[in-house]
Amino acid sequence: MDGRNPFEGPQCSNAENDKVAVRVTGAGPENLCTTQGIYVNANAPVLEFGQVLSAEGVVCESGPDDIVACTAPAGGFTFSRGINYTY
């Protein structure tokens, strides 16, 4: 529900309508604030430790300490409650 702001990019307050998010496409990652709640879904499935999700050239894997890493052809991101790194 709450996330760490990226080192560079928009700084979100983590209020009910202002959550940290990262969107990744074939063009690479983008940090954003979800001011309209469009990317927050309380009923979304959880990517459990060791699981992999792949869609449209983006591959995400859940690792230890609730870290999720996603890669795309033009970059990716790693995040958890304490990390928000895009490359």
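Note that OH of Y85 is 12.0 Å distant from CG of N31, once rounded to the nearest 0.5 Å. Expressed to the nearest 0.5 Å, how far CZ of F79 lies from OG1 of T86 amounts to 12.0 Å.
Note on I67 and Y87: same hydrophobic cluster, where clusters join Ile, Leu, Val, Met, Phe, Trp and Tyr whose side-chain heavy atoms are under 4.5 Å apart, directly or indirectly.
Proximity of a side-chain donor or acceptor of S62 to a complementary backbone N or O of L47 within less than 3.5 Å is detected.
Here the closest heavy-atom approach between residue G76 and residue P29 is recorded as O-CG, 3.3 Å. In this structure, C33 and Q11 approach most closely via the heavy-atom pair SG-C, 4.0 Å.
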| request: Report the C-alpha distance between C60 and V52 in whole Å, list the side-chain angles of each, state the deciding distance to 0.1 Å, and finish with yes or no for side-chain contact (heavy atoms from CB on, under 4.5 Å). | output: CA-CA 6 Å; C60 296; V52 176; over 6 Å; no

